Structures are given as C-alpha cells and as structure tokens.
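In what follows, chains are A, B, ... by sequence order, proteins preceding strands, each numbered from 1. Here the structure is a predicted model, which is why all the values come from computation and not from measurement.
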Amino acid sequence: MLPYVSFCAVGHSYTTDKGQLIPALRDVSFSINKHEFVAVVGPSGCGKSTLLRLLSGLMQPTKGQVRVFDHPVTQPRDDVGIVFQKPTLLPWLKVTDNVLFPLKHKFGRITLADRVRAADLIEMIGLTKFAKHRPDQLSGGMQQRVGIARALLLDPDILIMDEPFSALDALTREMMGFELLKIWNDAPKTVLFITHSISEAVLLADKVLVMSEGPSTLAESLDIDLPRPRSPQTMQLAAFSEYTNRIRKHIYRQSEAESDAPLQAMLA
Amino acid sequence: MNAYLKMKYGVQPLLPALCLLTLLPVWEVICRVFEVPNFVLPAPSEIAQAFYDVELMRWVEHAWATLRVALIGFALSIVISLPLAIIMVRSEFLRKTLYPLLVVVQSTPVVAIAPLLIVILGSGEAPRLVITCLITFFPLVVAATTGMLATPPELIELSKSLRAPAVKEIWQIRLPYAIPHIFSGLKVAVTLAIIGAVIAEFVAAEKGLGYLVQFSTSYFKIPQAFAALIVLSLMSLLLFKAVHWIQRFYFAWSLPKQDK
Amino acid sequence: MKLIKQWQSRICRGLMLAALASISPLSLAADKVTFQLDWLPGGDKAPLYVGIEQGFFAAENLDVKISHGRGSTDAISKIATGTADVGLSDLVALLLAKANNDVPVSAIYSVFSEAPHAFFVLSDSGIQQVKDVAGKKIATSPFTSSNVFLPLLLSVNQVPENKVRVIKTDPGALNPMLLTGNADVVISWITDTEKYRYQAKSAGKELTVLPWYDAGLAFYSTALIANDRFLAKRPEVAKRFVRAYAKAIAYTWAHPQQSGEMVHKIVPEVDASAAADTITSIKGLVYNDASSAHGLGQFDPERLATTWQWTAKAQSLDPASFDPERAINRQFLQGE
C-alpha cells in the first residue's frame, strides 16, 4: 500500500538574521499510513515543530521532499488541521465563532450547514453549554478542546497536533488523551502527534518516532502493537512498560553520548 | 451589596473627589493665613470667582474650540497611524526604515516647530490640527504595531495554513488582537491631544482654553488662568474616560478581568 | 451673543453703505483685509477695534479680519508669507528682518513714534532713574526686542554692563518676580503699565515706570506694516485702510473710555476700564514731540536713520550695510 504521508531524506536549515545557517533537521525519512496515529517524541529543540511546519506546507524543506498521497507538498494544504501547544483561541470570539473561524477566515461566508457542523463539533467536545462563552471564561482544558474542534471544522485528512496537552495538569491531560482517541475513532484521521511525554506517546499512538537532538535526525521508528480501544488499563500492560522503557533507554543512550542536561529535562 | 461591589460601583469614583474636597479648605486656609499673593497661588475661592466672572457662553466657546481641534486632530492621527502600523507590521523592511524616522519626528519638540508650521500652513485651523496630530500619532503607531506584532505566531500560521488573503490576516486576527494595546495607546493619545491643541493655541489662536490661559497670564489674571487649567484637566479626564467607556462598551473582552 | 454682535456690525455696516451709496458709487462687496496683531488684543491695539466698531473701516468699504500674533517676528513672517495683508510690528524688528532676509514687507504708517521700553520698579525701591539700576538684578523675558537695546541704554547712561545682573524668564513671571523681591527691576513695555499696576495694587505695592525714551533712547517702535505684493496689487485698498486707521487713532485717544469698551465688545476677555487706562497711559507714544514735528504716522528720515543706527549698533551690524529707507513705503500716507 502506498504510504499516505512520506518524508524522503528531508533536511531543513534556518537562516539567521546574520546569514548563518542553523540546521534543524537532518536526513529524516519515515512514512505514515492513512488514518494512522503517529506520535513524535524527543527532547526540546530537536526539530519536532519543524516537522509540523513541513508537513502542513507552511515551510518547504531545504533538502529532500515531503509527500502527501504521493504529491510533493509545495504550499499550505486545505486538508491539514493544526492544534497548537497553546489553545490560541481568538479572545474576542465566542466558542462557536472560534470553532467557525477557519471558515470565516478562508471564505468569509458561513452557511447554516456550517453552523450545524460547528454545533455538532462543540457537542462532541462536550461544550454545548459553553457555546456562547468567551475563551477567558473557560478552563485550559476546555480551551484546548475548542482548539481541537476548530482544527476539525474543515474535516481535514491530516491532523497535526503540536504538544497539545502540555499546558494542562496531569489529570486533565490523561482525560484529554482518551477523549482524543474517541474522536479519532469516530472520525478517523491521519494524526501526527508531537509530545514530550513518552507514556502519552505510547498510550495514544500506532507508531512512535523518536527524535534525537540537534541537528535532529530520526533515531528510531517504533510500531506500538497494543490493543485498541486504549484505556487506563492499557498502561498496566507489561507491553506498555516495555515500549516506554525501550524508548526511554534509547533516549538515555542518546543523552549519554551528548550531555546530561537534556536528560534531566526529559525525565522531569 | 458586598464590599467589593461597593468599591466598584459606589465609593471608588468618589474617592478622588473626596480627596480634593478635603484638600480645598486646606488650600484656602493656607492662602489666607500666609497671605499668599494670587499671582503665586490663587486661593480656590478666587479661582471659583474667576470662573464665575467669565460668562458661561465664553467658557463653552473656548472649551469647544480646544475640544474641536483636539478631537479632529486625534481622529486624523488615528486615520494616519493605523495604516502606518499595518504597513510596518506587514513589511519588516519598512518597519526598520520607518521606525527610526518616526522616533526622530517624535523626539523633535513640537513646541519648537509649531511656529514654523503656522508660517507654512497659515493661521487657520490646519496648523493646530497638524500639531495635535504630530503629538498624538506616535503612541498610537507604537501601540498598534506592538499589539499586532504580539499576535501569537500560531494564529498567523493558522491563517497561512488556510491560505487566507493578507487583508484578512490583518483585519480578522492582527488588528483585533492589538485592540488592548491600541486602547492603551488611545488613552495616552487622547490626553496628549488636549496638550497638542493647547500648544497650538499658545502659538496662534483667537479662541480656546490654551489661548485663554496665555491671555490670562499675560494680563496677570492668574486665578482666571487656573480656572481655565482646571477646565482643561476636566476635559482631558472626560476624554480619557470616554475612551475607556467605548472600550468597555464595544470591546469588553479586551479589558483585564478586574476592570470589566 | 456673538451672533447678535455680528448682526449689529452687519446692520451698522449696511446702514453705512446705504448712506455712502447715495454719495459715491461704491462696489457692494467690501474688500477683505486680514490684519495681523503682533501680540494679544489689548488697549494698546485699540484703534483696530475702534475702526471696526465705529465703522471707519466699513466707511472705506473694508472688511477687516483680525488674527492674533505672538510677537513682532511672528507678525512679520505671517505677513511676509501672505497669511495676512497688514499688521503691527516693532519697526526695529522689521529693520532687522529686512537687513537680514529682505522680507517682502514694508512699514506704511508709524503708530508709536517713541519706543515703549521701560524699567518697572517698586516705588519704595529707591530706584528713581535709569542710572540707579547699577548693581541691581534685572529680569526680562527672553525674546523681547527690549533686550537688544539694554546694553545701549546702559552705556548711554554710564552704567557698566557688568554692574547689572540680567535674568531671563517667562513674561508672565516678570511682575510676580518684582513683587516678591526676586528681581529689583523688570524690563517691560509702557503698554503693559496698567496690567502691572493692577497686579501690584492687589499685592499692596506701588510701581514706578522709567521709560527709556526719557533716558536718551529716541526712536520709532510700533508701525503698520504690509505685505509688498498686497501693496502693489491693491494700493487703493491699502490707502483706504491707512486712512481709516488714522481716523481710528484720532478717535481712540480722544475717547479712551469708549475705545476701551469697544475693545471689550469684540474681545470680552479684555477688561474695558483696563483697556481705557492703557490707552490713556500710552498717549505719549503716539502724541509726542516727534509726531507733532513731523506729523502723525510719518517717518522722519533723520529719526528713522537714528533708529537704524541704534539698532545696528546694538546688534553689532555695520550701519552702512542697510538703508532703513528700504523698509519704508510712504505712498500710503494721507496728505501726500
């Protein structure tokens, strides 16, 4: 089967104001199948966000090629939805209008059908009662749910999530993970999920990509063969700890080879 | 009604007034006991008398002249500074070229070039508006630019990923995001507008509160000058409040929580 | 109130025109003239307001608009750029402007044929003549033309310049400084005498004024000046204006009380009786030996030359570098 998304020997460097080239990604190759849930883990500054921007078409790689359904990505794609680390809602819009914002922003017109779709999405994320509230009246978790609904509005094939739950407390974070899985189950998407947390990656994903530090390359690609639907019980499975230990060891090794500081950050 | 609400709706706005009311008798007594000459510091009663001595219609006429220049100049400066800010946000090159120039314009003392402006633009209303504009546009440009640049980069990426036209990025994301900044700028600028109008009147005018202050001091009518100054500061206060009310009415979301 | 005033003057002008129409065929639309004051309104500018209120301008079919000024140089530059047609300025300032920049402005009528500069002192200070200021602290405003002549005045009166301390401050602060004892002497103009006296009285003090013209300085000061293009293009209008202004001057000093009221009528901020007192106190600037010898409004070549020589000397310019006659245009004086 043809891979849905593929990165072929992708490298990327930034040019600083002073004209220096800063490498951010080196020689990254992997592929994602349709409706696969892929998590990316790695220490800070390992080029995870660059990965996101390359896939969404916001940036072009300086080397190699990013392909979606065998077509090279040359500009921002309509079928990509992005969920950011912070909810970044528009503070002046109510929840409904925030969810509808991509449509309004892109086409300027909103039909009744769009409103119905937004209402459905809001119901799905369980915020129907808050549809007329402004973002600052919502908790962090609620705001991020609105962010997810916003990303889903245009019914994208690909959902990119950049550490979406990292600003939430541990409990909310776990609950949000399962909710995400439920949404993904009801309306399957190809998901690229970037995270700091090894256990979160293993818990959610079909495949975990482990990134190494700058200049970042792909250190390992690990298929997670755990039964679905996943639940809190999944974490008690022996296989679960095996996967997490394996990834952790991998990052340990990496860190020993380089320095200890990022390790501390990783374990924190 | 709890104590907080009392503070919020009842007592708080009265506090400055109460403070002034207790200060007035002290001021009066000091002036009388120490026989402070009125050209050094007129007593409140003398100022009140001076205020009363000028016909109400004259006050209205002078206040309106100043207010008119301040408001038109202020409006002009909004019309100029917002597009300028947008241009500077859109283009890094222009930002780097224009910003230093704007700083130079801003740091030129308007008082010094005011007489030149009058000679160039004639003695009508035009130079007064230009002076007011010159003095108010900088805080507005800075506030709007800063606000628009402070827009979370994620939202800009969202806009880019949707391939929305640049106009929409400005209009639907950057400008609304800059609203809190823009209103801070407007609050500073609106009080500066009064100052601008007064500076202009010092240089050339036949009417206005600034003119009245200058006229009064040149005739050694210090209490009258003080009365005009008080009217001026009341006017600034009112304009400042008006901007705040507009923000609260139309952009309530942009106010910090305790201010709503 | 303003409307009523406008109507009054309109009706007045209308009647005037109607009366004149029966005598001479006049064009109905009045000629517009913009008049530039060299400072704020006051009793010393009374003839202008008298001219309007008494209908002297209307009788000459002139519609005069008044623009306030902020000093002689301000008035000269506004007239030079054509913002105003006619105005008032210190002749000395005009001579200097002509000598330095050859501005297209000419003096057409002498209003004050004596200089208004004066020392103001407290009556109990023991300073009785200009000579007595030696060793005293003198306060003056930074931009007054009086400063130019102070060294000259001191040297004419044999006061060494290093014997006085000159401090410069805002004009509004001068009198308070004198009254509070922060200065022994202040330099101001005789035209301000009443304002100073009024304030001094409220502080329980008495002022003495020592005019510089009594101490050896004899020259022209305030004059009617006009834009050269205006004079070339509308000479008839200029001539009529001067004629009306001369009538207004005669009326003003014949009826100080009414004149003061007329100033107050147009500029309510000006106190009528204070304006009247000012008119009385400055009579000597208009009616003096010079004007009685050469005629009101006239520029006597000899006195003019002296004025320039003093000015040049005070400014350390070569007196021969400029001919003061170039600043004067005598075509518009009556009786010539």
Which value, rounded to the nearest 0.5 Å, describes the distance between A:Arg77 atom CZ and B:Arg163 atom CZ? 9.0 Å
Region of A:Ser56 in contact with chain B, defined by heavy-atom distances below 4.5 Å: neither
Under 4.5 Å from any heavy atom of chain B - which part of A:Gln85: neither
Are A:Leu154 and B:Leu162 packed together at the side-chain level, in the sense that at least one heavy-atom pair is separated by less than 4.5 angstrom? yes
Answer yes or no: is there a donor N or O on one side and an acceptor on the other, between the side chain of A:Lys106 and the main chain of B:Ala164, under 3.5 Å? no
Interatomic distance, CD@B:Glu157 vs CG@A:Leu52, rounded to 0.5 Å, equals 7.0 Å
Take a 6.0 Å sphere around OH of A:Tyr14 and say whether it holds more than 12 heavy atoms from other residues, nucleotides or ligands. yes
Where does the angle between the aromatic ring planes of A:Trp92 and B:Trp253 fall among parallel (under 30°), tilted (30 to 60°) and perpendicular (over 60°)? tilted
Using heavy-atom distances under 4.5 Å, tell me whether A:Phe101 contacts chain B through its side chain, its backbone, both, or neither. side chain
Measuring heavy-atom distances to chain A, does B:Ile179 have an atom under 4.5 Å in its side chain, in its backbone, in both, or in neither? neither
Could you please spell out the steps behind the side chain to side chain contact (heavy atoms under 4.5 Å, CB included) verdict for B:Leu155 and A:Phe84? CA-CA 9 Å; B:Leu155 283 176; A:Phe84 301 100; 5.9 Å; no
Would one find more than 12 heavy atoms of other residues, nucleotides or ligands at under 6.0 Å from atom CD of A:Gln60? yes
Which residue out of A:Lys86, A:Arg134, A:Lys104 racks up the most heavy-atom pairs below 4.5 Å with chain B? A:Lys104
From B:Gln172 CD over to A:Leu90 CG, what is the distance, rounded to the nearest 0.5 angstrom? 9.0 Å
In terms of heavy-atom pairs under 4.5 Å with chain B, which of A:Pro102, A:Gly108, A:Pro76 leads? A:Pro76
When every non-hydrogen atom of A:His105 is compared with those of B:Ser159, the smallest separation belongs to NE2-OG, 2.8 Å
Honestly, the part of B:Thr151 sitting under 4.5 Å from a heavy atom of chain A is neither
Distance check, rounded to the nearest 0.5 Å: A:Leu58 atom CG versus B:Ile156 atom CD1? 11.5 Å
With a 4.5 angstrom heavy-atom cut-off, could you sort out which part of B:Phe251 is near chain A: side chain, backbone, both or neither? neither
Answer with side chain, backbone, both or neither: which region of B:Pro152 has an atom nearer than 4.5 Å to a non-hydrogen atom of chain A? side chain
